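Input: a single structure, listed below in structure tokens.
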Amino acid sequence: MKVATFNANSIRLRSQVAIEWVWEHNIDALLVQETKCEDGLFPVSEFEEAGLQVVFDGQKSYNGVAIISPHPIEQVRKGYGDPAWPDDKRILAATVQGIRLINTYVPNGTKVGSDKWTYKLGWLERFGALLDQEIATFGEVLWAGDINVAPTPLDVFDSPKMLGGVCHHPDEFSRLQALVGRGLTDLFRRFHPEGGKYSYFEFVVPRSVERNLGWRIDHIYATPSYADKALACDIDLEPRKQERPSDHTMVWAELDL
DNA sequence: ATGGTGGTTAGACCA
């Protein structure tokens, strides 16, 4: 099983990049965030014509998640499934080749102390319940997506400068740790103990990719048995270097599953 | 201290 995560920053602009990358790298499941697309406008036929299955849960302008696979995508779960709590579209879980996948687009938080910041922290706290449910139901899971937290000094180009800001704040670290502490392994860090490798480069920073001024905020986590079967995990910078890219690039993991 | 760019969508909002 080769799984990957990609914040597409508009699936309508990036569908072909996603399709080509999936086939080129023999990906079994690509977890996409920020599709920015209502379900009725999702480019389903482009994926189907390319021989790929796709499931999605989107909304107008913001957020939106999808899973793309050459295989059948089964037991699809969209958000919490609670009609009393209408969620923004940030969670999509499904089973591919018998592997349970949870795709999340964690809120950015915008600015420390803002309403969106409070929402982000609460979102991370609430997500623990979904993780527990999924693990209880399926035993082992892979959780991947745009986590919007660079959890250690190794995960951002200038940790001292960014510490205490959004995506690199102790209140985020503690909440992410509470989730990861359920026995999950950060697969990228397991294979790359060194710092300086990033998955997100801001558009607003001039030549951020060339200068490697990035953040590692796109993660793949595995429960213990899956983590034991991990063979590799890496970041592919090539899509970020192409013309008119997303501000994120793909992170992938290969498992002996 | 601020702004720089980009996507969605039609003036901001979000990242």
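First the proteins, then the strands, lettered A, B, ... as listed; each starts at 1. Predicted, not measured: the structure shown is a model, and the values here were computed from it.
Rounded to whole Å, the distance from CD on A:E202 to P on B:dG6 is 13 Å. In this structure, CD of A:E38 is placed 15 Å from C1' of B:dG7, rounded to the nearest angstrom. The OH atom of A:Y200 sits 10 Å away from the P atom of B:dA15 (whole-angstrom rounding). The distance from atom CG of A:N7 to atom P of B:dT8 is 12 Å, rounded to the nearest whole Å. Protein atom CD of A:Q59 is 14 Å distant from nucleotide atom C1' of B:dG7, rounded to whole Å. Atom-to-atom, CG of A:L213 to P of B:dG3 comes out at 20 Å; the value is rounded to the nearest Å. Nucleotide B:dT8 holds its P atom 4 Å from the CG atom of A:L13, rounded to whole Å. B:dT8 atom P lies 13 Å from atom CZ of A:F42, rounded to whole Å.
To the nearest whole angstrom, the two P atoms, one in B:dG6 and one in B:dT2, are 23 Å apart. Separating the P atom of B:dC13 from that of B:dA1 is a span of 24 Å, rounded to the nearest Å.
A perpendicular orientation is assigned to the rings of A:F157 and A:W215, their planes being inclined by more than 60° (bins at 30° and 60°).
Where A:D146 and A:L41 each meet DNA chain B at their nearest nucleotide, the meeting point lying more 5' is that of A:L41. Positionally, the nearest nucleotide of DNA chain B for A:V204 lies more toward the 5' end than for the other of A:G109 and A:V204.
Note on A:R14: only backbone sugar-phosphate atoms sit closer than 4.0 angstrom, heavy atoms only; bases stay farther off.
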Close N/O contacts between protein and nucleotides 12-14 of chain B (under 3.5 Å):
residue, atom, partner, partner atom, Å
B:dC14, OP1, A:K116, NZ, 2.7

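A 4.5 Å side-chain heavy-atom check between A:Y105 and A:Y62 finds every atom pair outside the cut-off. A 4.5 Å side-chain heavy-atom check between A:I217 and A:V149 finds every atom pair outside the cut-off. Residues A:I68 and A:F6 have side chains not in contact (no heavy-atom distance under 4.5 Å, counting atoms from C-beta outward). Looking only at side-chain heavy atoms (C-beta outward), A:V106 and A:D146 stay at 4.5 Å or farther from each other. Within the 4.5 Å cutoff, side-chain heavy atoms of A:Q59 are placed close to those of A:D88. Taking 4.5 Å as the limit, some side-chain heavy atom of A:R100 sits within range of a side-chain heavy atom of A:E134.
Outside the 6.0 Å centre-distance limit, the rings of A:F188 and A:W252 are not counted as a close aromatic pair.
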(request) Please report the C-alpha distance between A:Y221 and A:L187 in whole Å, then the side-chain angles of each, then the deciding distance to 0.1 Å, and finally whether the side chain to side chain contact (heavy atoms under 4.5 Å, CB included) criterion is met. (result) CA-CA 6 Å; A:Y221 292 100; A:L187 292 183; over 6 Å; no
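Within 6.0 Å of CG on A:D158 lie more than 12 heavy atoms contributed by other residues, nucleotides or ligands.
Taking side-chain N and O atoms only, A:R244 has no distance below 4.0 Å to OP1 or OP2 of B:dT5.
Closest contact between the side chain of A:K60 and the listed nucleotides B:dA10, B:dT8, B:dG6 involves B:dA10. When distances run from any side-chain atom of A:F203 to the nucleotides B:dG6, B:dA15, B:dT8, the shortest one goes to B:dG6.
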(request) Determine which bases of DNA chain B form Watson-Crick or G-U wobble pairs with both distances under 3.5 Å, and write the result as a 5' to 3' dot-bracket string with | for other-strand partners. (result) ....((((...))))
